[in-house]
Amino acid sequence: QVQVVESGGGLVQAGEALRLTCTVSGSTFDRYAMGWFRQAPGQEREAVSYISSNAITTYYSVSVKGRFTISRDNAKNTLYLQMNSLKPEDTAIYYCAADAFPKSSNSWHYPANYRSWGQGAQVTVSS
């Protein structure tokens, strides 16, 4: 069974940066496609970014493209999300998700396409 744990959330001011980390245990990390999602209060969970198991393919939502960078270190079983130029509208709980099957540009943003999820990390951006 795959365990997914996020860390690195916190409170920052607008314009600052933050890096989220996600560690995966219980299986072979380099076989998993990974995604970052977020959910603000009263809103649906939305996709933020995706990275393929070999890190060759990445996708970003329009709202974060150019500000956020997804990466992974398969030797450390760790996924990262570097978030720069943060805005108050980035405030949300951020979730890391893993799945054994690769995603396309049409499928990466659906939460139902990911089997394993972390408990979430709160990111709050003050204005």
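Start at 1 with the first residue, then count along the sequence. Keep in mind that what you see is a predicted model, and the values were worked out from it rather than measured.
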### Query
Closest heavy-atom contact between D90 and S85?
OD2-O, 4.5 Å

### Query
Given side chains that start at C-beta, do those of L20 and M83 come closer than 4.5 Å, heavy atoms only?
yes

### Task
Measure the OH-OG distance between Y59 and S107 for me, rounded to the nearest 0.5 Å.
7.5 Å

### Query
When you look at CD of Q119, are more than 12 heavy atoms from neighbouring residues, nucleotides or ligands closer to it than 6.0 Å?
yes

### Query
Applying the 4.5 Å side-chain criterion to the ILVMFWY set and letting contacts propagate, would I93 and V48 be lumped into a single cluster?
no

### Query
Do V24 and M34 come close enough that some side-chain heavy atom pair is under 4.5 Å?
yes

### R38 CZ to S49 OG distance, which is reported to the nearest 0.5 Å
11.0 Å

### Query
Taking all atoms of both residues into account, what is the closest heavy-atom pair of T91 and Q122, and its distance?
CG2-NE2, 4.1 Å

### Query
T28 and D30: side-chain donor and acceptor closer than 3.5 Å?
no

### Message
Does any part of the side chain of T23, heavy atoms only, come nearer than 4.5 Å to the side chain of N77, both counted from C-beta?
### Response
no

### Task
Decide whether F68 and Y80 are clustered together by the hydrophobic rule: side chain heavy atoms of Ile, Leu, Val, Met, Phe, Trp, Tyr closer than 4.5 Å, transitively.
no

### Task
Determine, for Y114 and K103, whether the Lys NZ or Arg CZ falls below 6.0 Å from the six-membered ring centre while staying within 45 degrees of the axis.
yes

### Heavy-atom check, side chain of F29 versus side chain of V2, under 4.5 Å
no

### Query
Would a distance-only check, ignoring hydrogens and angles, find a side-chain to backbone donor-acceptor pair under 3.5 Å from Y94 to A121?
no

### Query
When rounded to the nearest 0.5 angstrom, what is the spacing between CD1 in I51 and OG1 in T58?
6.5 Å

### Message
Can you classify the ring geometry of W117 versus Y95 as parallel (below 30°), tilted (30 to 60°) or perpendicular (above 60°)?
### Response
perpendicular

### Query
Closest heavy-atom contact between Q82 and A17?
NE2-CB, 3.9 Å

## Note on the structure
Between L18 and the options L81, V123, N84, T124, the side-chain contact (heavy atoms from CB on, under 4.5 Å) test singles out V123

### Query
With side chains defined as the heavy atoms from C-beta onward, is the minimum distance between W108 and T57 less than 4.5 Å?
no

### Shortest non-hydrogen separation from S71 to L79 and the atoms involved
O-CD1, 3.3 Å

### Query
Roughly how far, to the nearest 0.5 Å, is the CZ atom of R67 from the OG atom of S61?
8.5 Å

### Message
Which heavy atom of I70 sits nearest to which heavy atom of W36, and what is that distance?
### Response
CD1-CD1, 3.5 Å

### Query
Which atom pair, heavy atoms only, marks the closest approach of A33 to P102?
CB-CA, 4.2 Å

### Query
Are any non-hydrogen side-chain atoms of S126 and Q13 less than 4.5 angstrom apart?
yes

### Query
According to a 4.5 Å side-chain heavy-atom criterion applied to Ile, Leu, Val, Met, Phe, Trp and Tyr, with indirect links allowed, do L86 and V64 form part of one hydrophobic cluster?
yes

### Message
Return the CZ to CZ distance between F101 and R115, rounded to the nearest 0.5 Å.
### Response
9.0 Å

### Side chain to side chain, V4 and C22, heavy atoms closer than 4.5 Å
yes

